[in-house]
Amino acid sequence: MTKNSEYAIEVNNLTKRYKDLSAVDNISFTVERGEVFALLGPNGAGKTTTVEILNTIRKPTSGKVILLGMDVTEKKYDIIPRIGVLPQGFSSFDRITVKETLQYYSRLFCRKKPDIQGLMKLVNLKDKAGVQYKNLSGGLKQRLGIAVALVNDPEIVFLDEPTTGLDPLARRAMWEVLWGLKKKGKTLFLTTHYMEEAEFLADTVAIVKKGKIFAMGSPGDLIESNADYLVVMLKSVDETVFDIVKKMGFSPGYDSHGDITVRLTHADDVRRILNAVRDGGASFTGLNVRKPNLEAVFLKLTDDTFLENFVGVEEAQ
Ligand SMILES: Nc1ncnc2c1ncn2[C@@H]1O[C@H](COP(=O)(O)OP(=O)(O)OP(=O)(O)O)[C@@H](O)[C@H]1O
Ligand SMILES: [Mg+2]
């Protein structure tokens, strides 16, 4: 590929083996410039290994990785100034302040004069400029990690689990920062265990397990093609509702709140169930019909036994 490659990242038949273990097993994908690509997968799936090969830290056993038109194994030192990395479990020096941390990393990685104030503003850490690293909360440490990843104004930013361990508010604050980077045209390559994060941020997600890509596409397409059903939740104290739904040939169950859930493949069945409940003289106090989310797709693809064992979501008869 040439330097003007339309892709930020091209991965062809990438494999990484440790003795008998294929941590990454023959994966291929492309990431366009300005795209947000998320790698999802259970612990040990090979996400960090993949990220670290892409960002030149580890060497592939076989296969080819092209970043910004350059081969990662041949052009490492041309690539490094153009990428930024937030490693899994980012940590920095306890006793130096936010501002000093950014100055320090800028001296290491930055060829141009860094905009430290701009970076602190971007990740909303301006009022913490004089605070030592050890006194920052987990969420603020992660935000500092992102600012460190951005000191060289990179074209591609790799973020390995950027929001793990953060509370829901801090996570959303991080999404804001990442969303801002996306709007600036950066290519983002992230890994996450949070499905809503992938649904919210990613243009494309790849689901990996045991080093292999199981499914890839936009969150919407993955849901459409892997979870072609509706989840209906009925809130009722009336026990006959369960029996009525069961007699119709569906497989209702109870969720953790004690509400009846049933999986339907045809939207029309919602109306049939409501009619049958009414005709049976039963009542319900709440109804919720929703499409399955990315989490359901993830569980289906990464653990085939999960849905079978999960009460209330069996395939409709
Ligand atoms: N240096 C190494 N030597 C041997 N095995 C390794 C090495 N690094 C990773 N592995 C193994 O490769 C597999 C993939 O690990 P990796 O860290 O890429 O997973 P991950 O998807 O990032 O997991 P997590 O979600 O827990 O971060 C695991 O089985 C891991 O034990
Ligand atoms: Mg990892």
Side-chain angles (χ1 to χ4, degrees), residues 9-29 31 36-65 67 72-73 76 83-92 138-139 141-146 148-149 156-168 170-171 174-175 178 187-202 204-217 219 222 293-306:
I9 304 169
E10 295 173 70
V11 175
N12 283 306
N13 306 110
L14 176 65
T15 293
K16 178 71 179 180
R17 261 193 292 277
Y18 296 108
K19 293 189 179 143
D20 294 341
L21 174 81
S22 291
V24 178
D25 194 357
N26 196 28
I27 63 170
S28 299
F29 58 86
V31 181
V36 179
F37 188 100
L39 217 47
L40 312 179
N43 293 131
K47 301 179 300 297
T48 296
T49 308
T50 303
V51 171
E52 291 189 351
I53 293 171
L54 266 52
N55 68 35
T56 77
I57 292 173
R58 295 194 210 195
K59 280 204 166 76
T61 306
S62 61
K64 211 170 176 62
V65 179
L67 241 67
V72 289
T73 54
K76 180 172 171 160
I83 63 173
V85 180
L86 173 70
Q88 182 168 4
F90 166 82
S91 178
S92 188
K141 283 177 176 162
Q142 281 295 88
R143 261 146 64 181
L144 177 60
I146 293 210
V148 167
I156 308 176
V157 190
F158 294 93
L159 306 130
D160 196 355
E161 297 193 27
T163 65
T164 293
L166 303 193
D167 71 51
R171 180 165 304 131
M174 184 66 93
W175 294 357
L178 300 183
T187 305
L188 303 186
F189 189 97
L190 67 121
T191 75
T192 181
H193 288 296
Y194 301 103
M195 300 300 133
E196 353 149 46
E197 181 164 306
E199 262 188 277
F200 180 76
L201 287 172
T204 307
V205 302
I207 298 180
V208 287
K209 188 183 170 186
K210 293 186 182 158
K212 289 193 168 68
I213 292 182
F214 268 63
M216 188 158 53
L222 280 180
N293 51 20
L294 194 58
E295 185 139 347
V297 174
F298 179 83
L299 292 169
K300 178 182 167 205
L301 292 172
T302 56
D303 182 0
D304 297 334
T305 58
F306 181 86

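These numbers come from a predicted model, not from an experiment. Just follow the structure's listing: the first ligand is 1, and inside any ligand the first atom is 1.
The Mg ion (ligand 2) has an N, O or S atom of Gln88 closer than 2.8 Å. Among the atoms of Thr49, no N, O or S atom is found under 2.8 Å from the Mg ion (ligand 2).
With hydrogens and angles ignored, the 3.5 Å screen pairs no side-chain donor or acceptor of Lys209 with any backbone N or O of Gly41. Side-chain atoms of Thr192 never come within 3.5 Å of backbone atoms of Glu197 as a donor-acceptor pair (strictly under, hydrogens ignored). Distance alone, capped at 3.5 Å, is enough to place a donor-acceptor pair between the Lys47 side chain and the Pro42 backbone. Put simply, the side chain of Gln88 never gets that close to the backbone of Glu161: no donor and acceptor are under 3.5 Å apart. Judged purely by atom type and a 3.5 angstrom limit, Lys16 has no side-chain atom pairing as donor or acceptor with the backbone of Ala23.
Phe298 meets the ring pair (Phe, Tyr, Trp, His ring centres under 6.0 Å) test with no other residue; sequence neighbours excluded.
Rounding to the nearest 0.5 Å places CZ of Phe158 at 10.5 Å from CG of Leu188.
Closer than 4.0 angstrom to ligand 1 sit non-hydrogen atoms from Tyr18, Leu21, Ala23, Pro42, Asn43, Gly44, Ala45, Gly46, Lys47, Thr48, Thr49, Arg58, Gln88, Glu161, His193.
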